[in-house]
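To keep things clear, I will list the structure first and then write my remarks on it.
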Amino acid sequence: MAHDHHHPHDDHDHVHGHGGGAGPAAAEQPLDPAQQSLADALRASFRVLKAVMLLLVVLFLCTGVFTVDQKEVAVVSTFGRRDNLVRPPGLHFAWPYPVDEVIKIPTAPISMGIDTFWLRLSEQDKTKELSDLGSRSTGLDPATEGALLTGDRAIMHMRLNVQYRISEPMDYVDNVSDERALLEAVVCNAAVAEAARTTADVVWKDPGSVAAAVQRPRCRDPSRPRPLSL
């Protein structure tokens with residue numbers, strides 16, 4: 001007797017799902033033309049920016065190159081403190097301002113006129129000789145005109161022409177801020193003192209002796225620097 005044995009088999013559907021994310025081997029998607037153009041423009045702009053920054057650095061350093069002429073020397077101070085090196089004429093380098101400051105000092109003789117003890121003259125009278133000037137009935141105005149009082153109580157007018165030279169650049173940088181005001185004060189004080197020691201006749205007939213006495217130093221302390229030589 002035959003028996004049919006039926007072994008039912010359940011059909012199993014095996015569904016294997018794959019994730020939608022791209023794996024490491026997935027190829028990069030190419031940029032569309034608009035994005036590609038933007039990326040190229042950014043790269044080009046970055047290269048131009050780097051070149052401009054490099055050029056600015058070079059130009060900044062070039063501003064530290066300076067020239068000292070034949071009739072001067074230079075002293076460099078860093079953040080307000082000078083070094084002890086005097087730069088002779090030629091080409092030199094210092095860090096650009098505000099790191100370094102270059103101070104140039106003339107070495108040639110300098111001329112300066114002092115009219116502190118002179119008359120107040122009009123522009124027309126300034127071109128005339130002193131002997132051509134007429135007498136003035138208004139007299140002397142102490143507020144606007146200068147004069148020297150001599151030892152014999154006479155009033156004299158004097159115009160001084162000063163020629164000086166800076167012989168110590170380091171002392172000049174350390175001690176002098178306004179050389180004209182300094183010289184004018186020193187010379188005027190010396191002129192007042194010398195006029196008081198002499199007479200009007202000497203000042204009138206031999207002004208050179210008064211000028212020589214003003215130039216000659218008196219009682220100077222040798223330990224103190226003398227930045228200016230007259």
Side-chain angles (χ1 to χ4, degrees), residues 60-121 126 130 144-149 156-198 202-203 206-230:
F60 177 72
L61 293 177
C62 287
T63 58
V65 178
F66 64 95
T67 303
V68 180
D69 295 336
Q70 292 297 322
K71 295 183 178 181
E72 64 183 10
V73 295
V75 175
V76 177
S77 63
T78 303
F79 294 119
R81 293 190 60 183
R82 68 163 178 80
D83 56 20
N84 294 319
L85 180 63
V86 177
R87 274 71 173 179
L91 192 65
H92 303 276
F93 175 80
W95 290 107
Y97 186 85
V99 178
D100 286 348
E101 181 183 4
V102 179
I103 305 170
K104 295 183 178 181
I105 302 104
T107 56
I110 304 171
S111 297
M112 181 182 72
I114 298 178
D115 296 334
T116 305
F117 308 115
W118 197 239
L119 298 167
R120 182 188 60 186
L121 301 176
K126 288 180 180 180
L130 187 61
T144 58
E145 296 180 306
L148 285 171
L149 183 64
M156 300 293 294
H157 299 287
M158 180 180 291
R159 181 168 53 192
L160 300 169
N161 293 318
V162 179
Q163 187 178 76
Y164 65 96
R165 183 176 61 86
I166 301 172
S167 57
E168 297 293 339
M170 294 298 186
D171 292 333
Y172 174 85
V173 172
D174 290 341
N175 303 316
V176 179
S177 58
D178 188 347
E179 62 187 80
R180 182 177 179 86
L182 173 63
L183 274 175
E184 189 168 348
V186 171
V187 173
C188 288
N189 288 339
V192 170
E194 289 302 325
R197 295 187 183 100
T198 188
V202 173
V203 176
D206 189 13
S209 62
V210 179
V214 170
Q215 179 180 354
R216 186 168 54 248
R218 292 177 180 272
C219 301
R220 186 174 67 87
D221 184 358
S223 64
R224 297 185 60 185
R226 188 183 180 195
L228 302 176
S229 60
L230 298 179

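Residue indices begin at 1 and follow the sequence shown.
Of the possible donor and acceptor atoms, one in the side chain of T107 sits under 3.5 Å from a partner among the backbone N and O of K71. Although no hydrogens or angles enter the test, the distance criterion places a donor-acceptor pair under 3.5 Å between the side chain of N189 and the main chain of A185.
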In sequence, state the C-alpha distance, the side-chain angles, and the governing distance for L182 and V176, and then conclude on side chain to side chain contact (heavy atoms under 4.5 Å, CB included).
CA-CA 8 Å; L182 173 63; V176 179; 3.9 Å; yes
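For the pair L160 and V187, the minimum side-chain heavy-atom distance is below 4.5 Å. At least one side-chain heavy atom of I166 sits under 4.5 Å from a side-chain heavy atom of P106.
Atom OG1 in T67 sits 9.5 Å away from atom CD in E72 (nearest 0.5 Å). Between L148 atom CG and T198 atom OG1 the span is 11.0 Å, to the nearest 0.5 Å. Taken from CD in E101 to OG1 in T78, the straight-line distance is 10.0 Å, to the nearest 0.5 Å. Summarising the geometry, atom CZ belonging to R165 is positioned 10.5 Å from atom CD1 belonging to I110; distances are rounded to the nearest 0.5 Å. Put simply, CD on Q215 and CD on E194 are 11.5 Å apart, with the number rounded to the nearest 0.5 Å.
Checked for salt-bridge contact, D174 and R82 meet the test: a charged N lies under 4.0 Å from a carboxylate O.
Closest of all the heavy-atom pairs between G113 and R180 is O-NH2, 3.1 Å. V68 approaches P88 most closely through the heavy-atom pair CB-O, 3.5 Å. Among all heavy-atom pairs drawn from M112 and E184, the shortest one is CE-N, 4.3 Å. Contact record, G146 with H157: O-ND1, 2.8 Å, taken as the closest heavy-atom pair. When all heavy atoms of L85 and M170 are compared, the pair lying nearest together is N-CE, 3.4 Å. The minimum heavy-atom distance linking A191 with F117 is given by the pair CB-CE1, 3.8 Å.
Pairs engaging residues 67-100 under the ring-ring contact (aromatic ring centres under 6.0 Å, His included) rule: F66-H92, F93-W95 [sequence neighbours left out].
For D83, the salt bridge (Lys or Arg N to Asp or Glu O under 4.0 Å) partners two or more places apart in sequence, or in a different chain, are R87.
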